[in-house]
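Protein chains get the first letters and strands the later ones, always in sequence-line order, with residue 1 at the start of each.
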There are 2 protein chains.
Amino acid sequence: MDPDAEIDPDGPVTPYRQLAEILRARIDRGDWKPDRPIASETQLVQEYGLARTTVRRAIKVLVDDGVVYVVPARGTYVAAKK
Amino acid sequence: MDPDAEIDPDGPVTPYRQLAEILRARIDRGDWKPDRPIASETQLVQEYGLARTTVRRAIKVLVDDGVVYVVPARGTYVAAKK
DNA sequence: TCTGATTTGTCCGTATGTATG
DNA sequence: TCATACATACGGACAAATCAG
């Protein structure tokens with residue numbers, strides 16, 4: 001997946017799934033390092049033009065995959081490779 | 001088939017078949033592009049004055065023909081030509 | 001202790017297609 | 001054919017948690 005791809009709101013793939021793959025690609029590329037925070041939900045909202053609920057859904061996909069972990073009121077962190 | 005035809009409820013051809021052909025003609029004409037959504041079921045209900053079930057039947061005809069595909073909670077999309 | 005800013009958490013309304021009687 | 005729930009997706013608004021000063 002292209003880490004620089006943009007969201008297609010009207011495409012058949014739901015926006016939160018598109019974003020999840022973009023974020024995954026950006027982590028793979030090294031935009032954010034292990035145990036360092038990725039962009040905040042608000043920043044992602046502005047950057048991708050999505051609602052926060054949608055951003056949160058995308059993050060949940062990565063949490064479920066063990067790619068990132070969330071610390072309440074702190075941020076979302078890249079999981080350390082194992 | 002005329003993409004601007006109207007539904008004849010009393011004709012020999014059942015309404016859902018009429019609608020299926022109208023929609024097919026509209027897609028051929030380019031009203032909706034590949035991997036873009038066509039009108040929602042609700043919109044089609046209002047536009048053609050048909051029951052929801054009838055609209056869904058028409059769509060099923062096109063799905064079976066591979067003309068469109070349905071994404072739950074997203075919409076009905078024009079299939080990309082192959 | 002208090003205040004403001006930042007971040008994530010929760011809830012509700014709207015729209016879409018799905019399933020059933 | 002119609003009516004009524006149901007599941008999923010998106011967006012907005014408000015609440016709770018954390019930290020800096």
query: Quick one: the side chain of A/T53 and the base of D/dG11, do they pair up donor-acceptor inside 3.5 Å?
result: yes

- request: Go through C/dT18, D/dG12, D/dA9 for me and flag the one nearest to the A/R57 side chain.
  value: D/dA9

- request: Determine the contact category for B/S40: base if any of its heavy atoms lies under 4.0 Å from a base atom, sugar-phosphate if only primed atoms, P, OP1 or OP2 are that close, otherwise nothing.
  value: sugar-phosphate

query: Are B/R24 and B/D28 within salt-bridge range, i.e. N to O under 4.0 Å?
result: no

- prompt: D/dG11 C1' sits how many Å from A/I7 CD1, rounded?
  reply: 15 Å

query: How close or far is atom P of C/dA19 from atom NZ of B/K60, stated in whole angstroms?
result: 12 Å

- request: Show the numbers, then the answer: is there a side-chain hydrogen bond (donor to acceptor under 3.5 Å, both in side chains) between A/D10 and B/Y77?
  value: CA-CA 10 Å; A/D10 298 320; B/Y77 291 75; over 6 Å; no

message: Can you measure A/Q18 atom CD to D/dA9 atom C1' for me and round it to whole angstrom units?
response: 13 Å

message: As a test of reading the structure: which of D/dG12, C/dG17, D/dA17 is closest to the side chain of A/A51, going by heavy atoms?
response: D/dG12

query: When the distance from CG of A/L44 to P of C/dT6 is rounded to whole Å, what number comes out?
result: 16 Å

- prompt: Closest to the A/R56 side chain: C/dT8, C/dG17, D/dC19?
  reply: C/dT8

task: Look at A/E47 together with A/R26 and state whether they make a salt bridge at an N to O cut-off of under 4.0 Å.
output: yes

field: Distance, rounded to the nearest Å, where A/Q43 contributes CD and C/dA5 contributes P
entry: 17 Å

Protein-nucleotide distance (A/Y48, atom OH; D/dG11, atom P), rounded to Å: 15 Å

query: What residue among B/L62, B/L23, B/I38 forms side-chain contact (heavy atoms from CB on, under 4.5 Å) with B/T76?
result: B/I38

- prompt: Starting at the 5' end of DNA chain D and moving along, which residue's nearest nucleotide shows up first, B/L50 or A/V13?
  reply: B/L50

message: Please report the distance, rounded to the nearest Å, between OH in A/Y69 and C1' in C/dT7.
response: 15 Å

message: Are more than 12 heavy atoms, taken from residues, nucleotides or ligands other than B/R17, located less than 6.0 Å from that residue's CZ atom?
response: no

task: Ignoring backbone atoms, test whether A/Y16 places a side-chain nitrogen or oxygen under 4.0 Å from the OP1 or OP2 oxygen of D/dC10.
output: no

message: Looking at D/dT8, I'd like to know if its phosphate oxygens (OP1 or OP2) sit under 4.0 Å from a side-chain N or O belonging to A/T14.
response: no

query: What's the closest nucleotide to the A/E41 side chain, out of C/dG9, C/dT16, C/dT18?
result: C/dG9

message: Can you see if the side chain of A/T54 gets near the phosphate of D/dA9 - specifically, an N or O under 4.0 Å from OP1 or OP2?
response: no

message: Any N or O donor-acceptor pair under 3.5 Å from the base of C/dG17 to the side chain of B/R52?
response: yes

message: I want to confirm an ordering. Mapping A/G49 and A/P72 to their closest nucleotides on DNA chain D, which one lands closer to the 5' end?
response: A/G49

